[in-house]
Amino acid sequence: MKFQVRVPGESAGREVVVTAGPAFEATLDGAVLSGDALEVRPGIWSLVTVGGRQIEVSVDVGKDGAVRAAAAGTLFGFELLDALTARALLATGGRTARKARHVVAAMPGRVLRVLASPGDRVAQGQPVLVLEAMKMENEVKAPRDGVVASVEVAAGQAVSAGDVLLRFEAGGE
Amino acid sequence: MKFQVRVPGESAGREVVVTAGPAFEATLDGAVLSGDALEVRPGIWSLVTVGGRQIEVSVDVGKDGAVRAAAAGTLFGFELLDALTARALLATGGRTARKARHVVAAMPGRVLRVLASPGDRVAQGQPVLVLEAMKMENEVKAPRDGVVASVEVAAGQAVSAGDVLLRFEAGGE
Amino acid sequence: MSPPRLLIANRGEIAVRIIRACRDLGISPVAVYSEADRGALHVRLSDYAVPIGPPPARESYLVADRILAAAKATGATLLHPGFGFLSENADFARRAIDAGLVWVGPAPASIAAMGSKTESRQRMIAAGVPVVPGMTTPAESAGEIAAFGRENGFPLLLKAAAGGGGKGMRVVRSEPEVPEAFERTRSEAKSYFADDRVYAELLVEGARHVEVQILGDATGRVLALGERECSLQRRHQKVLEECPSAAVSPDLRARMESVAVAAGKAVDYVSAGTVEFLLAKDGRFFFLEMNTRIQVEHPVTEMVYGVDLVVEMIRIAQGGEMSMKEKPAARGHAIQCRIYAEDPARGFAPSPGRIGRLRRPQGPGIRVDSGVEDGDVVPLDYDPMVAKFIVWGKDRDEAFRRMRRALSEARIEGIETSIPFFLSLLDDPDVVANRVSTQFLDDWTWEPHRPPDDVAAASVVAAALSAMEASRKRRKGTVPEAPAGGLSAWRNARGPFGVRE
Amino acid sequence: MSPPRLLIANRGEIAVRIIRACRDLGISPVAVYSEADRGALHVRLSDYAVPIGPPPARESYLVADRILAAAKATGATLLHPGFGFLSENADFARRAIDAGLVWVGPAPASIAAMGSKTESRQRMIAAGVPVVPGMTTPAESAGEIAAFGRENGFPLLLKAAAGGGGKGMRVVRSEPEVPEAFERTRSEAKSYFADDRVYAELLVEGARHVEVQILGDATGRVLALGERECSLQRRHQKVLEECPSAAVSPDLRARMESVAVAAGKAVDYVSAGTVEFLLAKDGRFFFLEMNTRIQVEHPVTEMVYGVDLVVEMIRIAQGGEMSMKEKPAARGHAIQCRIYAEDPARGFAPSPGRIGRLRRPQGPGIRVDSGVEDGDVVPLDYDPMVAKFIVWGKDRDEAFRRMRRALSEARIEGIETSIPFFLSLLDDPDVVANRVSTQFLDDWTWEPHRPPDDVAAASVVAAALSAMEASRKRRKGTVPEAPAGGLSAWRNARGPFGVRE
């Protein structure tokens, strides 16, 4: 089976092709890796290559193809897309091209202070809110230059990860 | 909901009645136990009684109502039957009344030696086979006096837990 | 006769630590819990447990009335406050004692004397202990702080008068920063300590944080059990601690210990406590503050000196003598890494959530103190520390190698943690050579540890095999669309391929 | 320069233990595995792994050719044999050395000298070391053993000449028992050691098993690192070990250590080894045998003496000196419980299977060495030891309390284990007072630990709540009939209510 591998920050896509029995053979960037793969339990793989190299990988593949993997004390993050999904993304121009339209909470927390108001022109990196989480104050910064269209939260309010905190005016850069 | 509690080795049955919100109320042998129960994750319960007593219980209820529970470093074993199952059992005279008709392997292993042959009269406690498992020789003993009808395994053979090793003649006591 | 019961007015890792000391003494532990902690490990390991309110600490773990009522309801006769929360609240200690409880800690008067940073400074100056130049009373206004800065020079360190443990501290580099910093520090001080008083002192740059563990009992004996190196701090929060400090010679150790014992005796100290010093580059040291409670980093001292400090605290509180007549011999070297639920790849943003798979490091020289298990939730409401990895080695080099082993062996999934941060930190040549100061991490940028190429390739292959397997099962209709397993709480991947950074 | 690679010719807990020593030394570990162990922890923690055959040990872990081929294929330059399997096979050691590998263990000649129980007895007699009366050559027939018994009296102990670790031993109380016992011991000896030679010695009843750890290096230095009390044995298999022995006075310790060093020097011993003694009630002690390898119970010595024996073995094998010039100071007391996959409620029958939930004990003074994690399978084919719980305390009493804490805190589900056995054993007044001998457990019947009544009631209530929840979900059609969760591998309950027994 063939997948596109997209690495955030890299423009060129990679490709991985795998076949599997318990024996696997994979082609990644033209190099061939083969051996024996065992899914010890869901998401935990032990790979033993033909050369005898053993690597244990914890892997979590999200529904959208986002992958989190951990191996040898290191965390990896990339996207894995099958042929179908990759074509669909190609048609819409991919995911990363869009410009941020709003500021979302990266973590759950409580809004301590709101530092921007509708109509304000803010510069990229400027603090727009202070969120409290786990007893720490965390500044939320503007991801780009823009004009604030609305502030969706008020001081004291609890928010969840992914909640929209603030919206930009369209094209207000 | 009402359950019969059957404890191996005890003739009198007990009864437990539970209602649950997250708050629970249970009646066991006439005594009432109430408080707050949380299933922390499947099979792991934390009970906090009205008196403030906290007990963590790991519990595994089998399809047949057999229960394994672990709490405060102790293991418990009993049967839990709902009203329907209990009535069905009552009709057939229960499970424990039957006399052993055969000897089964209590563990997986390999037959090292067979010490009895068809037609042999064996006494309760007499070794009839030697099983090897985990590098130990384990004698399998006759559960009662009787006459061997057949031996179902041969030396060198691998067996699974529950496999019949040897059969008794009917009523040959 | 049923065993005595000890109520633990705390949560998380330290509550579990105290439960274990209770078990070692045959004492029955009593937990308290907020609504966020109903299913927490410290509850499940206790013999008794009492709910004390909603998740925010100020409505539960900081409510003295509820905690004292819980002790009464469960028949507890001892109370251990742990660290943070009410542990350095002299008024709470006094109320507990008035309610007939044995307070596992120093006398309220000792707490009060050391609890106010300004008062403790005055007492220490009177006792001849060297202190850093600083305000002798809390600041009434930002203007007072600015004036202190104009007189003594910048940078300053703003501190909560009732603070400790690195909470409620902030550096001010110049006068214009004063008003905002004053407001923020006051706000954090109020939310964490229910006391918004703040003061300023001169920041001695390039200094180390070195502290001495002391232990006193009712016979008047006060022992010093060596020092801990705690210079590696982020946002004024210690992240890695060592015992002993490689920067402290036997002679310096003896002098610091003797000053620490004098500081303890000046306030009639009974129980375990820590005298914190700033160790300047020129070898002078200044009293910073005294923590009148058990410290997060106490295990490194325990491993080197072979002493159970929490057990000693309980024995001493029960009226007994400490179990040693003199300082025990030191052996080897210990290091602790505080594992936080935070994301090094996103500026150490908090990462609460449900823990999926958990592999704790094991084996020779490794101790793990943790308040969570696999499947447990790390709530948003409290300190993000999920575990402490503590290692012992016969020397500092062996301890470093074992800590690298522990961090590499560990897996904590479902949340982000500071493990990748520590793996890189332990390879830094300055950290290895102990060329650090309390500012070291301010100037240090985390770069993820680079694994061999084939590890990165293997992660892609395993992901592809997983995806293929999932797709095969979906076609067969044996599983729902979402992947099985406990890892789905992990957020989407970010950062470049190969390594997350 | 890539790090050197060390092949571990073993599996399970000891393989994982050696992997950790490799990590601590910056050495890259290479695993070998049978088909039953493809997914085992020792494989997953290694950098390289090579399959060596089907599950039975004689087709995999005992096949020297495959192990040496695996070393060659992965470029390993060192080989550690662990314990059991080929660890005391002088021929294998010689072949490894001939293949250019560094053998992490004593010289083949030392193994050979000590490996045959009869030869080692002769060497020890020659060196003036006291030995128990016994046969000087292996028995050719049951008749020879009967003759030895008639001459020296019964009971006798039958032993595999190539044996060790308690395997292949059997007591014979009277002459009629000889033929069957001879056959059985031969059969076990052959299957475990591929060597069916058997001999007999007089059984000194009421004696203790006390052994001395020695460590020798190429400079000719041989140190003794105190003794271990290993009298608690079941089926001649040690189950609980302590360091030091409460039955050994400082004077006796010095004498035993000096004899152990003499024994080691008599065979030019290099590496870690153990000299086992029978300590009679009258204080005399007899050489039993010497194990020319790392011992299962080595961690108790490590904790008391602050030494990593496996690391020392590897250093010494690499041609280095041991890291100490003299015996280090002892500190405190350590105990080890061997946690087996076996069912105390059914005569300790083996209980292989898949482990469900696993809670390992943690915190101060606790070390866990284990070859399995939650979800792992304990195969039928090997030794049933799944973990070693090792605790350290400042004295024997604290160590006992901590071991009780560790055992109570632990949960191992899906299989039966010896944890309930140890919980009762540690409460036995004779065990607490150390009034034990190697026969102690022969006469000891396990009674389960009795918990408070409300614990039994809570287990019924939790079961009823679980059943109600399952029934509710079934009616809603959200789950299949079988209960979810990892516990379903547990067999049906047996034994009376309240406690399984």
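Within every chain, numbering begins at 1; the chains are lettered A, B, ... in the order of the sequence lines, protein sequences first and strands thereafter.
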Where on [X] is there a heavy atom nearer than 4.5 Å to chain B: the side chain, the backbone, both, or neither?
{"X": "D:Glu409", "result": "neither"}
{"X": "D:Ala410", "result": "neither"}
{"X": "D:Pro379", "result": "backbone"}
{"X": "D:Arg359", "result": "side chain"}
{"X": "D:Leu380", "result": "both"}
{"X": "D:Pro384", "result": "both"}
{"X": "D:Arg404", "result": "neither"}

Which residue pairs pass the ring-ring contact (aromatic ring centres under 6.0 Å, His included) test with at least one member in residues 113-159 of chain B, sequence neighbours excluded? none
Heavy-atom pair with the smallest gap, counting every atom of [X] and [Y]:
{"X": "B:Ala72", "Y": "D:Arg411", "result": "N-NH2, 3.9 Å"}
{"X": "D:Val460", "Y": "B:Phe78", "result": "CA-CZ, 3.8 Å"}
{"X": "D:Ala462", "Y": "B:Val59", "result": "O-CG1, 4.2 Å"}
{"X": "D:Val461", "Y": "B:Ala26", "result": "CG2-CB, 3.6 Å"}
{"X": "D:Ser466", "Y": "B:Trp45", "result": "OG-NE1, 2.8 Å"}
{"X": "B:Phe3", "Y": "D:Ala464", "result": "CE1-O, 3.6 Å"}

Count the heavy-atom pairs under 4.5 Å between each of [options] and chain D, then report the option with the highest count.
{"options": "B:Ala133, B:Gly35, B:Ser46, B:Ala31", "answer": "B:Ala133"}
{"options": "B:Ile55, B:Leu112, B:Leu33", "answer": "B:Ile55"}
{"options": "B:Leu80, B:Leu131, B:Thr49, B:Val130", "answer": "B:Leu80"}

Under a 4.5 Å heavy-atom cut-off, does chain D meet the side chain of [X], its backbone, both or neither?
{"X": "B:Val16", "result": "side chain"}
{"X": "B:Ala71", "result": "both"}
{"X": "B:Ala37", "result": "side chain"}
{"X": "B:Gln54", "result": "neither"}

Worked verdict on B:Arg53 versus D:Asp454 for side-chain contact (heavy atoms from CB on, under 4.5 Å): CA-CA 9 Å; B:Arg53 186 85 165 90; D:Asp454 58 359; 2.7 Å; yes
Tell me which pairs pass side chain to side chain donor-acceptor pair (under 3.5 Å) where either residue lies in residues 103-120 of chain B, with sequence neighbours left out.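 Side chain to side chain donor-acceptor pair (under 3.5 Å) check on residues 103-120 of chain B returns B:Arg113-B:Glu137.
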Using a 4.5 angstrom heavy-atom cutoff, name the option from D:Ser408, D:Pro452, D:Ala458 with the most pairs to chain B. D:Ala458
Out of D:Pro420, D:Pro448, D:Pro451, which one pairs with B:Thr74 under the side-chain contact (heavy atoms from CB on, under 4.5 Å) rule? D:Pro451
What do the steps show when you test B:Leu75 against D:Glu416 for side-chain contact (heavy atoms from CB on, under 4.5 Å), and what is the final call? CA-CA 10 Å; B:Leu75 302 180; D:Glu416 305 297 334; 3.9 Å; yes
Looking at CZ of B:Arg41 and CZ of D:Arg357, how far apart are the two atoms once the value is rounded to the nearest 0.5 Å?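 It is 4.5 Å, given to the nearest 0.5 Å.
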